[in-house]
Amino acid sequence: MITLSGQVSIPDDELTITAIRAQGAGGQHVNKTSTAIHLRFDIRASSLPEYYKERLLAASHHLISADGVIIIKAQEYRSQEMNREAAIARLVSVIQMLTTEQKSRRPTRPTRASKERRLNTKAQKSSVKSMRGKVRY
């Protein structure tokens, strides 16, 4: 059971975890053992609340396929257990990142001092540029 928040959790049977051979250099050990983890999580078939499903399916994230499946490949560590934990942690962080409400922006106005600074620099640049003209006698 993976807990996302106080009320929301994902049962273990909704995750499809398979062990595969890791890519890259590593010698004889990497050629013999399947230490990398391939985690698949189907959003539509999950027991997540509808709000979570809508937010996840609407998001455009590189880990979410067009079918609504989150696919994570973890191969950072040399042990299968550590890669499994890393994949689950990444799944939890992706779901939490995509389902949190973004704080709405409150429009602000420039202060009087910032307006005066802007106008002073404009006047200074204008006077510098006006001095660059041809000299007339």
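Values in this document were obtained by computation on a predicted structure and should not be read as measured data.
Tyr52 has its side chain out of reach of Leu98: every pair of non-hydrogen atoms, C-beta onward, lies at least 4.5 Å apart. Considering only heavy atoms from C-beta on, Ile17 stays 4.5 Å or farther from Asp12 through its side chain. Between Phe41 and Leu48 there is a side-chain heavy-atom pair separated by less than 4.5 Å. Counting only heavy atoms from C-beta outward, the side chains of Thr16 and Leu39 never approach each other to under 4.5 Å. Residues Val8 and Thr99 are not in side-chain contact: their nearest non-hydrogen atoms beyond the backbone lie 4.5 Å or more apart.
The other members of the hydrophobic cluster of Met82, by chain and number, are Tyr77 (side-chain heavy atoms under 4.5 Å, ILVMFWY only). With side-chain heavy atoms closer than 4.5 Å counting as contact, directly or through intermediates, the hydrophobic cluster containing Val69 also holds Ile71.
For residues 33-59, the pairs satisfying salt bridge (charged side-chain N to carboxylate O under 4.0 Å, His left out) are Glu50-Lys53, Arg55-Glu101, with sequence neighbours left out. Applying the salt bridge (charged side-chain N to carboxylate O under 4.0 Å, His left out) test to pairs two or more places apart or on separate chains, those with a residue in residues 88-100 are Glu76-Arg90.
Remark: the Glu14 side chain and the Ser47 side chain contain an N/O donor-acceptor pair separated by less than 3.5 Å. Using modelled atom types and a 3.5 Å distance limit, the side chains of Thr111 and Ser114 yield a donor-acceptor pair.
Judged by distance alone, the side chain of Thr121 and the main-chain N or O of Arg117 form a donor-acceptor pair under 3.5 Å.
Closest approach of Gln23 to Gln75, counting heavy atoms only: N-OE1, 3.1 Å. Across Asn83 and Thr35, no two heavy atoms sit closer than the pair ND2-O, 2.8 Å. Residue Ala19 comes nearest to Gln80 through the heavy atom pair CB-NE2, 3.2 Å, listed as atom of the first residue, atom of the second, then distance. Ile37 approaches Ala87 most closely through the heavy-atom pair CG2-CB, 4.2 Å.
A distance of 9.5 Å separates CD1 of Ile64 from CD1 of Ile72, quoted to the nearest 0.5 Å. The OG atom of Ser127 sits 10.0 Å away from the CZ atom of Arg132 when rounded to the nearest 0.5 Å. Note that the OG atom of Ser46 and the CD1 atom of Ile70 stand 8.5 Å from one another [nearest 0.5 Å].
Scored by the salt bridge (charged side-chain N to carboxylate O under 4.0 Å, His left out) test, Glu116 finds no partners at all (sequence neighbours excluded).
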Please set out all donor-acceptor pairs under 3.5 angstrom arising from side-chain atoms of residues 102-109, sequence neighbours excluded.
none

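The hydrophobic clustering, which links ILVMFWY residues whose side-chain heavy atoms are closer than 4.5 Å, places Val128 and Leu119 apart. Cluster membership check: Ile88 does not share its hydrophobic cluster with Met1, using side-chain heavy-atom separations under 4.5 Å among Ile, Leu, Val, Met, Phe, Trp and Tyr. In the hydrophobic cluster analysis, where Ile, Leu, Val, Met, Phe, Trp and Tyr join through side-chain heavy atoms closer than 4.5 angstrom, Leu57 is grouped together with Val92.
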- Candidate pair Leu63 and Leu91, rule side-chain contact (heavy atoms from CB on, under 4.5 Å), full reasoning: CA-CA 9 Å; Leu63 293 176; Leu91 173 72; over 6 Å; no
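Met131 CE: 12 or fewer foreign heavy atoms inside a 6.0 Å radius.
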